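Some notes on the structure that comes next.
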Amino acid sequence: MRIALFITCLTDTLYPETGQAITALLERLGHEVAFPPGQACCGQMHFNSGYRHETVPMVRGFARAFSGYDAIVTPSASCAAMVREYHPVVAAESGDAGLARGVGEVAARVHDVSGLLVNVLGVVDVGAYFPYRVTYHPSCHSLRMLQAGDAPVRLLRAVGGLELVDLPGADGCCGFGGTFALKNAGTSAAMCADKVAAVRGTGAQVLCSADNSCLMHIGGALTRQRADIPTKHLAEILASTP
């Protein structure tokens with residue numbers, strides 16, 4: 001399968017190792033991974049802030065950059081949800097029938113890592129090895145918009161050497177929420193404090209999630225508390241081998 005990697009702004013600028021892990025993982029499974037050079041921001045921040053008209057060029061650019069691939073994979077459930085759920089809305093509001101057609105052809109092929117592996121490729125055991133005690137935080141968008149279900153957990157349970165421990169209140173938001181953390185800093189910090197307490201209470205050696213935005217937020221608090229619990233994107237764990 002010819003799969004395009006949508007890297008996202010946050011991963012491109014701060015967590016390039018996640019993109020490298022996705023590429024290594026999919027190539028190990030026998031797929032061709034491409035990186036469309038014309039890709040840019042999906043427009044989620046602009047759309048969520050009310051700048052719907054300004055989002056149109058980003059939607060158009062995305063549809064153009066990712067046309068013609070069998071599937072599109074991204075390390076961010078929130079960006080995947082933006083493309084799948086709201087790019088069609090933006091295209092429809094623009095009144096551009098050609099754009100709406102282009103978005104319709106591309107959006108349905110966008111998946112986060114767990115969705116691509118489990119639901120599209122039909123793979124659960126990817127041959128990974130990661131001998132650590134791990135707890136998993138599901139991001140809000142993966143749960144409520146992409147409806148990833150237990151796909152990430154199934155993938156982690158199949159990893160050799162990995163001990164998966166339940167995270168109390170796992171379905172609760174970590175408090176990041178993009179611009180929410182900036183506009184409502186106090187509330188965001190309080191939500192993150194609850195999440196950090198839950199993570200520390202598990203006795204886990206590593207915190208895993210499928211969204212680097214959540215890992216950045218929670219990981220920052222863990223670092224400030226000197227908790228010695230590193231964070232790993234799901235793709236990085238799945239790419240690990242003996």
Side-chain angles (χ1 to χ4, degrees), residues 1 3 5 11 15 17-31 33 71 73-81 110-174 176 194-219 222 227-242:
M1 182 177 285
I3 303 170
L5 173 60
T11 300
Y15 301 100
E17 62 274 12
T18 302
Q20 293 167 351
I22 293 175
T23 301
L25 171 62
L26 291 176
E27 288 182 344
R28 192 173 77 214
L29 294 175
H31 301 281
V33 181
V73 65
T74 177
S76 169
S78 61
C79 292
V110 175
H111 309 274
D112 76 324
V113 175
S114 68
L116 177 71
L117 291 171
V118 176
N119 301 324
V120 178
L121 303 181
V123 179
V124 173
D125 187 346
V126 299
Y129 181 76
F130 193 76
Y132 298 95
R133 183 179 173 90
V134 176
T135 194
Y136 176 74
H137 163 70
S139 71
C140 293
H141 282 90
S142 69
L143 281 176
R144 297 171 177 86
M145 296 192 73
L146 292 188
Q147 299 182 349
D150 66 348
V153 171
R154 290 171 62 193
L155 289 162
L156 288 171
R157 285 176 177 159
V159 174
L162 187 148
E163 179 188 356
L164 184 63
V165 292
D166 291 336
L167 178 64
D171 61 351
C173 180
C174 71
F176 181 65
D194 290 342
K195 183 65 67 172
V196 166
V199 170
R200 298 189 70 170
T202 65
Q205 296 170 283
V206 177
L207 170 65
C208 172
S209 184
D211 254 290
N212 276 326
S213 55
C214 296
L215 292 177
M216 179 179 68
H217 191 54
I218 305 169
L222 287 168
D228 194 27
I229 303 175
T231 60
K232 286 282 187 182
H233 191 281
L234 174 65
E236 295 172 53
I237 291 179
L238 297 180
S240 299
T241 54

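Values in this document were obtained by computation on a predicted structure and should not be read as measured data.
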Next on the checklist: Does Phe130 form a side chain to side chain contact (heavy atoms under 4.5 Å, CB included) with Val206? I'd like the steps, not just the answer.
Outcome noted: CA-CA 10 Å; Phe130 193 76; Val206 177; 4.1 Å; yes

Checklist entry - Is Asn119 atom CG crowded by more than 12 heavy atoms from other residues, nucleotides or ligands, each under 6.0 Å away? => result yes

Next on the checklist: For the residue pair Ser76 / Thr74, report whether a side-chain donor-acceptor contact shorter than 3.5 Å exists.
Outcome noted: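 There is no such pair between these side chains.
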
Non-hydrogen atoms of [X] and [Y] that approach each other most closely:
X      : Y      : answer
Leu162 : Leu156 : CD2-O, 3.7 Å
His233 : Cys208 : C-SG, 4.3 Å
Asp171 : Arg144 : O-NH2, 2.7 Å
Val165 : Thr135 : O-OG1, 3.0 Å
Phe176 : Ser213 : CE2-CB, 3.4 Å
Glu236 : Ala21  : CA-CB, 3.8 Å

Checklist entry - After noting the C-alpha distance and the side-chain angles of Thr202 and Asp166, does the key distance pass the side chain to side chain contact (heavy atoms under 4.5 Å, CB included) rule? => result CA-CA 7 Å; Thr202 65; Asp166 291 336; over 6 Å; no

Nearest-0.5 Å distance that lies between atom [atom1] in [X] and atom [atom2] in [Y]:
X      : Y      : atom1 : atom2 : value
Leu25  : Leu116 : CG    : CG    : 9.0 Å
Lys195 : Cys214 : NZ    : SG    : 8.5 Å
Tyr132 : Ile237 : OH    : CD1   : 10.5 Å
Asp211 : Ser142 : CG    : OG    : 6.5 Å
His217 : Ser139 : NE2   : OG    : 13.5 Å
Thr18  : Leu215 : OG1   : CG    : 8.0 Å

Checklist entry - Should Leu117 and Leu26 be marked as a side chain to side chain contact (heavy atoms under 4.5 Å, CB included) after you check the CA-CA gap, both sets of side-chain angles, and the distance that decides it? => result CA-CA 9 Å; Leu117 291 171; Leu26 291 176; 4.2 Å; yes

Taking the side chain from [X] and the backbone from [Y], do they hold a donor-acceptor pair closer than 3.5 Å?
X      : Y      : answer
Asn212 : Thr11  : no
Arg200 : Ile229 : no
Arg28  : Ala239 : yes

Checklist entry - Quick one: are Val118 and Leu155 in side-chain contact, heavy atoms under 4.5 Å? => result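 Yes, close enough: below the 4.5 Å cut-off.
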
Next on the checklist: A side-chain contact here means heavy atoms from C-beta on lying under 4.5 Å apart; do His137 and Val199 qualify?
Outcome noted: no

Checklist entry - Considering residues at least two apart in sequence or located in another chain, which fulfil the side-chain hydrogen bond (donor to acceptor under 3.5 Å, both in side chains) criterion with Asp112? => result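 Asp112 satisfies side-chain hydrogen bond (donor to acceptor under 3.5 Å, both in side chains) with Ser114 only.
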
Item to check | Candidate pair Ile218 and Thr231, rule side chain to side chain contact (heavy atoms under 4.5 Å, CB included), full reasoning | outcome: CA-CA 9 Å; Ile218 305 169; Thr231 60; 5.7 Å; no

